[in-house]
Protein chains: 2
Amino acid sequence: MDKKISKAVISRMPRYYRYLGALMQNGIERISSKDLSERMNITASQIRQDLNNFGGFGQQGYGYNVAMLHDEIGKILGIDNTQNVIIVGVGNIGHALARFLVPDINGFHLCGLFDANPALKGMEISGIKVQSMDEFAAFTKENQVDIAILTVPHDDAKDVAEEIVANGINAIWNFALIDLNLSKKDVVIENVHLVESLMRLSYNRNNQ
Amino acid sequence: MDKKISKAVISRMPRYYRYLGALMQNGIERISSKDLSERMNITASQIRQDLNNFGGFGQQGYGYNVAMLHDEIGKILGIDNTQNVIIVGVGNIGHALARFLVPDINGFHLCGLFDANPALKGMEISGIKVQSMDEFAAFTKENQVDIAILTVPHDDAKDVAEEIVANGINAIWNFALIDLNLSKKDVVIENVHLVESLMRLSYNRNNQ
DNA sequence: TAGATTGTTAATCGATTAACAATC
DNA sequence: TAGATTGTTAATCGATTAACAATC
């Protein structure tokens, strides 16, 4: 990657991917930025600008080939190859995500569940047994783990996150309501702060 | 509300609220924008600009009173009064959120669970019984419901959302991977598109 | 070829940061 | 009073939109 691509652009890519997938399912083979812009409620200009950050995928006078563009965006997002995912913290949310991720979501494969609570050890969710944190280091050594989902209680989040990155995992999908500020750098974190999302809804409800 | 406050500002408010809450817990009574900016990793200027969209909460030479500012932001977010919440769709995610919301999260009270599947009727989660969708209209008539959490399968989402708003609920926390485009206007929607969030993480992992 | 639509440059708009007078 | 720090205006930066030549 040469020039830095803005966060705003990146955050729109999954939505393009989703719409293109739906178009494919509807048997639509080509689409213009104008047509897509109307479906997505954004400007055609923005679509073309966004896509041209990654390359010229269209053709003048024709538009974009839906399947090809869908595929290209998949590659951009890195979901053309399966990434192995583990869940650390099998509480409510962790449990739900374990079921949510099986069968595999396009590009992601759940391969492990961990929890500090020994009472949960051996419990099976979606065909995967919960392991204790004692087994974590060995597991990550023997298995290629690309992404860790962090769904432990708030107070444990920082320590567990440090353990995750210490074992060589460099991507965390963080559901704990904390801003992880890890000692190890070059770790990517995506926060899903549900309470904050709910508060934004509250604001908009009370101020529409 | 007079002048329109930008989405970017609003989306930062819950984070301020969270930091101020933590400061209170640590017994810190006042804070300057500079100090807070260092803790939050943003500029002091942004903090002052953001807050001044809503009023002058600080004092020159002193800074901000933590408890007072926390309280004010709570009011801004509309979480000073309890809002009644229901969950529609008691699958994995709905189930997890039901447990997540009890005991009450600051400002939100879970008061109902609904699912179209008759097999789930009467099942109790967090002390609340699941009701069938037949009972939905009557329930919303008898109870003040402020927010509906939409956690039904993708293909049902649009119809169920229409039913929600038809029964007078004007705020939806949407977990279905669909852009709700409802016939009724003045409905506020906050999307939590988990798959898209995970894809963003994937992108960042593959392009760091 | 003529029409359609891209890729890309230029213009606009909005959000962030810097600066500083006001004031506690 | 002097120092600190706000509220707010001005400057900068970045993102979105518009325009249009290139080209299929």
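By convention in this document, chain letters (A, B, ...) are assigned in the order of the sequence lines, proteins followed by strands, and residues within each chain are numbered from 1. What you are looking at is a predicted structure, and each value in this text was computed from that prediction instead of being measured.
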Is it the case that R30(B) places NZ or CZ above or below the six-membered ring of Y62(B), under 6.0 angstrom from the centre and within 45 degrees of the axis?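 Yes, a cation-pi geometry holds between R30(B) and Y62(B).
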Round to a whole Å and report the spacing from [atom1] of [X] to [atom2] of [N].
X      : N       : atom1 : atom2 : value
K7(B)  : dT16(C) : NZ    : C1'   : 18 Å
E38(B) : dT5(D)  : CD    : P     : 11 Å
N53(A) : dG7(C)  : CG    : C1'   : 12 Å
I42(B) : dA18(C) : CD1   : P     : 13 Å
D50(A) : dG14(D) : CG    : C1'   : 14 Å
F54(A) : dT6(C)  : CZ    : C1'   : 18 Å
F57(A) : dC24(D) : CZ    : P     : 17 Å
D35(A) : dA4(C)  : CG    : C1'   : 13 Å

Can you tell me if [X] touches the phosphate of [N], counting only side-chain N or O atoms and a distance under 4.0 Å to OP1 or OP2?
X      : N       : value
R12(B) : dT16(C) : yes
S33(B) : dT6(D)  : yes
Q49(A) : dT16(D) : no
Q60(A) : dA4(C)  : no
Y64(A) : dA4(C)  : no
R48(A) : dT6(C)  : yes
T43(A) : dT17(D) : yes

Measuring from atom CG of N81(A) to atom NZ of K75(A), what distance do you get when rounded to the nearest 0.5 angstrom?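 Separation between the atoms: 10.5 Å.
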Rounded distance [0.5 Å steps], CG in D50(A) versus OG in S33(A):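 Going from CG on D50(A) over to OG on S33(A), the span is 11.0 Å.
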Ignoring hydrogens and angles, does a donor from either the side chain of S6(B) or the base of dA15(C) sit under 3.5 Å from an acceptor on the other?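 Looking at the base of dA15(C), it does not pair with any donor or acceptor on the side chain of S6(B) (distance under 3.5 Å).
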Under 4.0 Å between a Lys/Arg side-chain N and an Asp/Glu carboxylate O for E196(A) and R15(B)?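 Salt bridge flag = no for R15(B) with E196(A).
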Measure from the side chain of N52(A), starting at C-beta and using heavy atoms only, and say which of dA19(D), dG7(C), dT5(D) lies closest.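 Minimum distance to the N52(A) side chain belongs to dG7(C).
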Contact nearer the 5' end of DNA chain D, comparing S32(B) with Y62(A):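 Nearest-nucleotide comparison on DNA chain D picks S32(B).
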Residues which pass side-chain contact (heavy atoms from CB on, under 4.5 Å) with E38(A), listed by chain and number, not counting sequence neighbours: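 Per chain and number, E38(A) pairs via side-chain contact (heavy atoms from CB on, under 4.5 Å) with K34(A).
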When we call it a touch if two heavy atoms are under 4.0 Å apart, what does S45(A) touch: a base, just sugar-phosphate, or nothing?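 Here S45(A) touches the bases of the nucleic acid.
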Would you mind pulling out the nucleotide paired to dA21(C), Watson-Crick or G-U wobble, both distances under 3.5 Å?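 Looking at the geometry, dA21(C) pairs with dT6(D).
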